[in-house]
Amino acid sequence: MKRLLHMSYLAAGVGGLGFFAMSILLLGVWPGRALQDQIGRTQPQHPPHLTASEQRGRVIYGREGCAYCHTQQIRYVAADVARFGKATLAWETIYDYPHLWGTRRIGPDLSREAGTRPQDWQLSHLYAPRTLVADSVMPAFPWLFAGAPDRPLQEARDLVNYLETLGRNRELVGAEGEAFARMACNCPGDEEKFGFGAGPLNASPAMARRAGAFPKLEAGDAAAGRALYATHCAGCHGVAGLGDGPGAAGLQPKPANLAEREYSGDQIGFVLWNGVAGTSMPAWRDLAAGDLASLAEAVRGFHAAQSEPPIPRAVLDLGARVYTDRCAQCHGRNGGGDGPAAAQFPIAPANFRGRRPSIAASLRAVREGVAGTPMAPWAGELAEAELSAAAYYVRTFFVGDAR
Ligand code: HEC
Ligand code: HEC
Ligand code: HEC
């Protein structure tokens with residue numbers, strides 16, 4: 001009996017240790033190996049390591065506590081995939097170690113932040129989030145700047161460079177790499193559906209796109225539009241639409257002055273649905289169709305009609321000649337912003353069929369160019385008569401809402 005009791009201590013001891021060993025194997029080693037194996041099979045090519053600047057940005061991201069509010073993993077659930085894009089695969093962050101995945105989502109997930117917003121937006125947002133996003137609870141990080149959003153210190157640059165790596169690996173592999181990973185993954189049900197399913201890699205509703213069908217806007221409600229405008233747009237475009245909101249200071253190109261341009265309904269619909277690619281102007285796909293229609297009313301409400309002198313035929317003829325020679329390759333033969341050279345520029349040339357700048361704005365743009373866009377100043381290039389004739393002429397393309 002006594003001997004048996006001794007044995008039971010031993011048995012419990014061995015059993016306990018065995019239990020520990022089993023847990024480590026089952027919960028640590030085995031899943032780790034399975035993941036390693038999946039990474040090995042699905043990683044389409046060796047993703048690039050982070051550059052020195054991106055690596056420093058990673059450290060700053062950790063130091064400033066960004067991970068307390070932002071996750072970096074899109075989970076295998078429908079709501080995540082609809083809002084952010086394809087679910088995160090194991091290999092995507094292999095060099096991002098130790099991981100900054102985070103667990104709390106006070107702000108949006110950042111796994112697909114690369115390419116979502118241009119740099120001027122990112123910097124201005126870091127400097128003072130509320131100037132761009134009125135009701136943001138994200139803290140400001142002014143100590144990463146020398147007193148202004150367009151004067152970032154190296155730390156702010158590093159941090160934004162790091163943000164531009166989030167999702168980059170997955171984007172770089174392209175359709176071929178994606179097909180390879182999908183085949184090699186050989187994964188069941190939900191993993192297949194959420195990791196590789198239809199739908200975009202980056203589903204951010206705010207990411208600006210150069211092209212894309214937009215929903216036809218019905219008649220909107222001007223008062224509701226003005227309230228929406230005050231919340232979502234005034235930070236950049238200013239309360240009176242003059243392009244001078246508190247967020248405008250660090251942006252390049254500047255937010256459009258909505259008072260000195262006339263827009264067709266289709267142009268406003270296109271811009272609200274797709275944003276203006278290459279600029280900080282986001283797309284507003286997360287707003288309801290009725291809200292977009294109301295916003296369009298608000299935008300039109302800013303336009304102040306001015307009496308405009310008639311332009312003599314001879315001047316317009318000169319303008320047409322200058323335009324064909326110098327402007328049509330970008331702005332298109334019919335002013336649609338779709339000339340043969342248009343596609344090569346990050347910011348699309350103005351579509352004069354859908355927007356008509358005032359005479360003053362048109363002259364200014366042609367004389368001085370539009371800072372931050374491929375529109376160069378023509379003041380030294382063209383004679384004053386040619387220049388003004390072209391500026392008048394482009395205004396004749398406007399078709400408004402007629403079709
Ligand atoms: C207290 C929580 C909090 C902290 C800390 C925080 N954020 Fe945010 N962040 C938010 C919220 C909320 C939003 C959504 C509103 C907005 O866009 O400002 C946001 C939005 C963002 C966006 C925009 C995403 C998009 O494309 O719409 C980026 C990028 C971002 N944060 C980066 C950072 C970085 C980098 C840090 C650390 C320096 C950080 N955040 C710290 C709460 C936070
Ligand atoms: C983060 C700053 C920012 C916010 C917020 C913003 N815009 Fe813009 N907006 C811009 C910039 C920058 C441009 C582009 C100027 C250019 O192309 O030269 C622009 C352009 C526009 C244009 C003109 C597009 C064209 O084809 O000429 C319209 C209309 C417009 N915004 C409406 C809005 C409305 C309505 C809202 C709110 C729902 C809004 N914007 C919010 C920055 C912003
Ligand atoms: C390299 C391509 C390119 C060429 C060439 C070019 N433009 Fe532009 N133009 C642009 C771009 C890009 C914009 C800015 C679009 C924006 O800000 O959204 C622009 C803007 C403008 C605007 C301002 C529109 C507004 O609503 O404020 C006017 C006016 C204009 N261009 C006239 C001309 C004329 C006239 C010529 C020829 C003398 C010309 N452009 C040549 C690319 C070009």
Side-chain angles (χ1 to χ4, degrees), residues 57 60-61 63-70 104 106-110 112-113 116-117 120-122 124-126 129-133 135-139 141 144 159-160 162-163 204 206-207 225 228-229 231-237 241 243 245 247-248 251-258 260-261 263 267-268 270-272 275-276 278-282 284 287 292 295-296 298-299 319 322-323 325-331 337 339 341-342 344-345 347-352 354-357 361-366 369-370 372-376 378 381-382 386-387 390-391 393-395:
I60 296 162
Y61 186 96
R63 183 191 78 196
E64 299 295 341
C66 312
Y68 293 133
C69 291
H70 291 285
R104 299 200 69 197
I106 293 165
D109 183 90
L110 297 179
R112 303 272 178 252
E113 190 61 16
T116 303
R117 311 271 193 175
D120 60 343
W121 189 93
Q122 291 288 11
S124 293
H125 183 252
L126 267 181
R130 283 186 171 223
T131 58
L132 304 189
V133 184
D135 45 9
S136 179
V137 296
M138 172 156 151
F141 295 89
L144 304 176
L159 183 54
V160 171
Y162 171 64
L163 292 177
S204 168
M207 188 172 66
L228 285 163
Y229 177 89
T231 310
H232 296 301
C233 324
C236 287
H237 288 284
L251 300 175
Q252 188 77 282
K254 295 284 169 229
N257 178 335
L258 304 172
E260 61 178 9
R261 285 190 189 79
Y263 294 100
Q267 180 71 13
I268 299 182
F270 179 91
V271 165
L272 291 180
V276 181
T279 79
S280 56
M281 171 71 185
W284 297 93
L287 295 183
L292 294 180
L295 274 168
V299 168
V322 174
Y323 183 85
D325 282 355
R326 313 300 290 266
C327 323
Q329 76 266 30
C330 284
H331 288 286
Q344 80 192 62
F345 297 107
I347 300 178
N351 170 1
F352 296 118
R355 90 190 210 203
R356 174 159 56 184
S362 188
L363 278 168
R364 194 176 62 234
V366 181
V370 182
T373 82
M375 175 68 190
W378 290 89
E381 201 60 32
L382 295 172
E386 295 175 313
L387 187 156
Y393 178 68
V394 296
R395 301 183 69 253

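Counting convention: from 1, in listed order, for ligands and their atoms alike.
- Contact atoms of ligand 2 toward Leu251: 2 (C) (distance under 4.0 Å to a heavy atom of the residue).
- With His70 contributing its side chain and Ile106 its backbone, the two residues share no donor-acceptor pair below 3.5 Å.
- Neither the backbone nor the side chain of Tyr68 has any atom closer than 4.0 Å to an atom of ligand 1 (non-hydrogen atoms only).
- With sequence neighbours excluded, the residues forming a ring-ring contact (aromatic ring centres under 6.0 Å, His included) with His125 are Trp121, listed by chain and number.
- Put simply, the side chain of Cys327 does not reach to within 4.5 Å of the side chain of Val394, judged on heavy atoms.
- Between the Arg130 side chain and the Ser136 main chain, a donor and an acceptor come within less than 3.5 Å of each other.
- Applying the side-chain hydrogen bond (donor to acceptor under 3.5 Å, both in side chains) criterion to Thr279, with sequence neighbours excluded, gives no partner residue.
- Here is the list of ligand 2 atoms found below 4.0 Å of a heavy atom in Val299: 35 (C).
- The closest side-chain heavy-atom distance from Trp378 to Val322 is not below 4.5 Å.
- Between Tyr162 and Tyr61, the angle of the ring planes goes over 60°, which puts this pair in the perpendicular group of the 30/60° scheme.
- Checking His237 against atom 8 (Fe) of ligand 2, an N/O/S atom falls under the 2.8 Å cut-off.
- One N or O on the side chain of Arg395 and one on the backbone of Pro357 form a donor-acceptor pair closer than 3.5 Å.
- With a 4.0 Å cut-off on non-hydrogen atoms, Leu159 touches ligand 1 through its side chain and not its backbone.
- Between Arg117 and ligand 1, an N or O atom pair is found at a separation short of 3.5 Å.
- Here the side chain of His331 pairs a donor or acceptor atom with the backbone of Ala350 at under 3.5 angstrom.
- Residue-ligand proximity, Gly65 to ligand 1, at heavy-atom distances under 4.0 Å covers atoms 5 (C).
- Less than 4.0 angstrom separates some heavy atom of Pro139 from each of these atoms of ligand 1: 1 (C), 3 (C), 4 (C), 5 (C).
- Residue contacts with ligand 2 for Ile268 are absent, since no atom lies close enough (heavy atoms, distance under 4.0 Å).
- The closest approach between a heavy atom of Gly235 and any atom of ligand 2 is not below 4.0 Å.
- Between Val271 and Arg355 the shortest side-chain heavy-atom distance does not fall below 4.5 Å.
- Within a 6.0 Å radius of OH in Tyr68, no more than 12 heavy atoms belonging to other residues, nucleotides or ligands are found.
- Close approach of ligand 2 to Leu295 is summarised as follows: ligand atoms under 4.0 Å from at least one heavy atom of the residue are 38 (C).
- The atoms of ligand 2 that sit less than 4.0 Å from any heavy atom of Gln267 are 25 (C), 26 (O).
- The side-chain heavy atoms of Gln122 and Glu113, taken from C-beta on, include a pair separated by under 4.5 Å.
- The local environment of CZ in Arg63 is crowded, with over 12 non-hydrogen atoms from other residues, nucleotides or ligands closer than 6.0 Å.
- Using a 4.0 Å heavy-atom cutoff, Met207 is absent from the residues neighbouring ligand 1.
- Using cut-offs of 30° and 60° on the angle between ring planes, the pair Tyr323 and Phe352 is perpendicular.
- In summary, the atoms of ligand 2 found under 4.0 Å from a heavy atom of Leu272, numbered by their order in the structure, are 34 (C), 35 (C).
- Ligand 1 has a nitrogen or oxygen under 3.5 angstrom from a nitrogen or oxygen of Glu113.
- Here the shortest heavy-atom pairing between Met138 and Pro129 reads O-CG, 3.4 Å.
- Around atom 8 (Fe) of ligand 1, the protein N, O or S atoms closer than 2.8 Å are His70 NE2, Met138 SD, listed by chain and residue number.
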Could you list each nitrogen or oxygen of ligand 3 that sits under 3.5 Å from a protein nitrogen or oxygen, with the atom names and the distance?
from     : atom 1 : to     : atom 2 : distance (Å)
ligand 3 : 7 (N)  : His331 : NE2    : 2.8
ligand 3 : 9 (N)  : His331 : NE2    : 2.8
ligand 3 : 26 (O) : Arg261 : NE     : 2.6
ligand 3 : 26 (O) : Arg355 : NE     : 2.9
ligand 3 : 26 (O) : Arg355 : NH2    : 3.2
ligand 3 : 27 (O) : Arg261 : NE     : 3.0
ligand 3 : 27 (O) : Arg261 : NH2    : 2.6
ligand 3 : 31 (N) : His331 : NE2    : 2.9
ligand 3 : 40 (N) : His331 : NE2    : 2.8

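- For ligand 1, one of its N or O atoms has an N or O atom of His125 under 3.5 Å away.
- For ligand 1, the atoms lying closer than 4.0 Å to a non-hydrogen atom of Trp121 are 23 (C).
- Under 4.0 Å is where a charged nitrogen must lie from a carboxylate oxygen, and between Arg326 and Glu386 no such pair does.
- Although no hydrogens or angles enter the test, the distance criterion places a donor-acceptor pair under 3.5 Å between the side chain of Ser362 and the main chain of Ala391.
- Here CZ of Phe141 is found 7.0 Å from CG of Leu126. Values are rounded to the nearest 0.5 Å.
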